Amino acid sequence: GGTAGFPRYHFGLLQNLPASPGQAPRMAPRQVVRDIFAAAMPDVVVTILFGNTHNLWGLPQHPRPFDFFLPGETAAEPLPGAEIIPYGLMKKALSAAVVQQSLPILSDVRALGPDVPLRFLAPPPPVPDETFLMRHAKTFGAQFAEHGISPAPLRHKFWRLYLDILGDLASGLDAAVIPVPERAIDADGYLASGYWSDVTHGNESYYALVLESIDSLARSLAR
């Protein structure tokens, strides 16, 4: 909602999600969703869906090196010494993790606002510079020190795999994906150097671009 063409925004942080559906009821995050809808029926819901999951899988170098090919990469060369895993198997495994974590909350959103436009925010592409990543490792520091960092091409494929999964999830929920701002992507498809922050996030300039995208969307959908 909003007045005179200026949307109002309500932000909610969903925490303490259970690792599996069989755990205790997810009352804390569910209440956040309910509070947002109770304050005012949103014109649009924008959510970040476990956008770090693909980094947890693909950022640290695995002790048993592996690679996979994206659809259409029939002429691609595998990483040296890597075991090839079929794309369908990789997608099925990562998708199971993402959907298991996100679908319960998305179901709540859909139940509370079945006709409210739903948008998923795409995470930023990877930073290609390994030296930068080592300096800003944060929680990945121990893993980087023990096993190293996965090659940039593999990390980029994990990001594209996640976008593929996000697109499938959006299609099944009558939602859509807000893409990464084009200005933040370099010529090779990685996060442009002016937008680096740490191993998984963009900096303030990056999120300023993201907020511009969200603001433009909110204004276009405002009733």
Side-chain angles (χ1 to χ4, degrees), residues 1-18 21 25-55 94-125 159-185 189 191-192 194-195 197-198 200-223:
T3 58
F6 293 94
R8 290 197 306 268
Y9 298 96
H10 187 115
F11 295 90
L13 181 62
L14 307 183
Q15 296 177 308
N16 303 319
L17 290 172
R26 55 192 190 283
M27 293 309 297
R30 174 173 294 190
Q31 190 59 51
V32 172
V33 173
R34 289 177 175 173
D35 288 346
I36 292 172
F37 277 84
M41 180 59 70
D43 292 312
V44 60
V45 172
V46 178
T47 179
I48 302 173
L49 291 174
F50 299 90
N52 211 24
T53 305
H54 65 289
N55 287 318
L94 184 59
S95 178
V98 172
V99 171
Q100 176 179 286
Q101 295 174 95
S102 59
L103 194 56
I105 292 300
L106 294 177
S107 297
D108 289 344
V109 171
R110 271 289 171 244
L112 291 164
D115 298 321
V116 175
L118 179 60
R119 298 293 184 271
F120 303 153
L121 193 62
W159 174 68
R160 291 177 62 186
L161 170 61
Y162 178 83
L163 294 183
D164 191 7
I165 293 168
L166 202 61
D168 289 348
L169 190 59
S171 296
L173 290 164
D174 191 25
V177 177
I178 300 176
V180 172
E182 291 185 4
R183 280 183 287 172
I185 302 177
L191 187 63
Y195 300 100
S197 173
D198 56 35
T200 59
H201 301 93
N203 59 17
E204 290 183 358
S205 296
Y206 174 78
Y207 288 107
L209 294 181
V210 171
L211 288 174
E212 286 180 12
S213 298
I214 294 174
D215 187 69
S216 177
L217 171 66
R219 290 173 188 272
S220 70
L221 295 175
R223 292 192 290 266

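Treat the numbers as computed from the prediction; the structure is a model and nothing was measured.
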**Student:** Looking at Ser95 and Ile165, what are the two nearest heavy atoms and their distance?
**Tutor:**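 Taking every non-hydrogen atom into account, N-CD1, 3.4 Å.
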**Student:** If you compare all heavy atoms of Val98 against all heavy atoms of Ser102, which two are closest, and at what distance to 0.1 Å?
**Tutor:**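 Looking at all heavy atoms of both residues, the shortest contact is O-OG, 2.8 Å.
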**Student:** Minimum heavy-atom separation for Arg110 to Val116, with atom names?
**Tutor:**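 Closest approach of Arg110 to Val116: NH1-O, 2.9 Å.
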**Student:** Once you round to the nearest 0.5 Å, how far does CG of Leu163 lie from CG of Asp168?
**Tutor:**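 Here the interatomic distance stands at 11.0 Å.
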**Student:** Kindly say whether Ala96 contributes a backbone atom to a donor-acceptor pair with the side chain of Gln100 at under 3.5 angstrom?
**Tutor:**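 Such a contact is absent between Gln100 side chain and Ala96 backbone.
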**Student:** Where do Gly51 and Ile48 come nearest, in terms of heavy atoms and distance?
**Tutor:**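 Looks like N-CG2, 4.4 Å.
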**Student:** At what distance, to the nearest 0.5 angstrom, does CG of Leu173 lie from CG of Leu106?
**Tutor:**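 Going from CG on Leu173 over to CG on Leu106, the span is 5.5 Å.
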**Student:** Restricting to non-hydrogen atoms, name the atom on Pro125 and the atom on Ile185 that form the minimum distance, rounded to 0.1 Å.
**Tutor:**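 So the minimum-distance heavy-atom pair works out to CG-CG1, 4.3 Å.
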**Student:** Is a side-chain N or O of Ser216 found less than 3.5 angstrom from the main chain of Glu212, in a donor-acceptor match?
**Tutor:**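 Checked: no pair found.
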**Student:** Once you round to the nearest 0.5 Å, how far does CG of Leu166 lie from OG of Ser171?
**Tutor:**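 If I round to the nearest 0.5 Å, the distance is 10.0 Å.
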**Student:** If you round to the nearest 0.5 Å, how far is OH of Tyr206 from NE2 of His201?
**Tutor:**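 Result: 10.5 Å between the selected atoms.
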**Student:** Are Leu209 and Val180 close enough, and set up right, to give a side-chain contact (heavy atoms from CB on, under 4.5 Å), and what steps lead you there?
**Tutor:** CA-CA 9 Å; Leu209 294 181; Val180 172; over 6 Å; no
**Student:** Checking side chain to side chain contact (heavy atoms under 4.5 Å, CB included) against Val46, which of Val210, Ile214, Leu118 comes through?
**Tutor:**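 Answer to the side chain to side chain contact (heavy atoms under 4.5 Å, CB included) test with Val46 among Val210, Ile214, Leu118: Ile214.
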**Student:** Output, in order, the C-alpha distance, side-chain angles, deciding distance and verdict of side-chain contact (heavy atoms from CB on, under 4.5 Å) for Tyr195 and Arg183.
**Tutor:** CA-CA 10 Å; Tyr195 300 100; Arg183 280 183 287 172; 4.3 Å; yes
**Student:** Can you tell whether the side chains of Asp164 and Arg160 come within less than 4.0 Å, N to carboxylate O?
**Tutor:**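 Between Arg160 and Asp164 there is no salt bridge, as every charged N stays at least 4.0 Å from the carboxylate O atoms.
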**Student:** Judged by atom type as modelled, is there a donor-acceptor pair below 3.5 Å linking the side chain of Asn52 to the main-chain atoms of Asn55?
**Tutor:**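 Side chain of Asn52 to backbone of Asn55, a donor-acceptor pair under 3.5 Å: no, none is there.
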**Student:** What closest approach, in Å, do Pro124 and Leu191 show between heavy atoms, and which atom pair accounts for it?
**Tutor:**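 Residues Pro124 and Leu191, closest heavy atoms: CB-CD1, 4.2 Å.
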**Student:** Between Phe120 and Thr47, does the side-chain contact (heavy atoms from CB on, under 4.5 Å) criterion hold? Intermediate values first, please.
**Tutor:** CA-CA 5 Å; Phe120 303 153; Thr47 179; 3.5 Å; yes
**Student:** Closer than 3.5 angstrom, by distance alone: can the side chain of Asp43 be matched with the main-chain N or O of Ala218 as a donor-acceptor pair?
**Tutor:**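 No; judged by distance alone, with no hydrogens or angles, the pair does not exist.
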**Student:** So, using ring pair (Phe, Tyr, Trp, His ring centres under 6.0 Å) as the criterion, who are the partners of Tyr162 when residues are at least two apart?
**Tutor:**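 Ring pair (Phe, Tyr, Trp, His ring centres under 6.0 Å) check on Tyr162 returns His54.
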